[in-house]
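Input: a single structure, listed below in structure tokens.
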Amino acid sequence: MEHKHSWMMHSRPEPMKDFARMIRRHFAGIVAYFKHPYTNAVLEGADSVIQNVKRRARGFRNMDHFATMIYLTCGKLDLKAVTTT
């Protein structure tokens, strides 16, 4: 399939040729983004929060405690609404 960027490869300026090569290398990903405009930004953000929990804890007794801290941190719970008697 001939792409619209092929005319750039016949132009003289090297930056235009570099740009055309970059488009050719990433063409499938570019098209996929416009079909499904999702990025991994949400996952990166969640990973950052979990890594912060891990750093603050400096170790947990077991994985259940670690998972509980992740749920408490990421769950956006309103703990002020919880009352004990």
Task: Single-linkage hydrophobic cluster Met22~Val31, side-chain heavy atoms < 4.5 angstrom - done: yes
TODO: Flag yes if Met63 and Ile70 sit in one hydrophobic cluster, no otherwise; membership is Ile, Leu, Val, Met, Phe, Trp, Tyr, and two members link when side-chain heavy atoms are under 4.5 Å apart.
DONE: yes
TODO: Treating Ile, Leu, Val, Met, Phe, Trp and Tyr as nodes and any side-chain heavy-atom pair under 4.5 angstrom as an edge, say whether Phe34 and Phe27 lie in one connected cluster.
DONE: yes
TODO: Kindly compute the distance separating NZ (Lys17) from CZ (Arg24), expressed to the nearest 0.5 Å.
DONE: 11.5 Å
Open item on the list: Restricting to ring pair (Phe, Tyr, Trp, His ring centres under 6.0 Å), what partner residues turn up for Tyr33, sequence neighbours left out?
Closed with: none
- [ ] Kindly write out the residues that satisfy side-chain contact (heavy atoms from CB on, under 4.5 Å) with Asp64, not counting sequence neighbours, or none if the list is empty.
- [x] Asn62
Task: Pairwise distance OG1(Thr73) to NZ(Lys54) - rounded to 0.5 angstrom - done: 14.0 Å
Task: 4.5 Å side-chain heavy-atom contact, His65 and Met69 - done: no
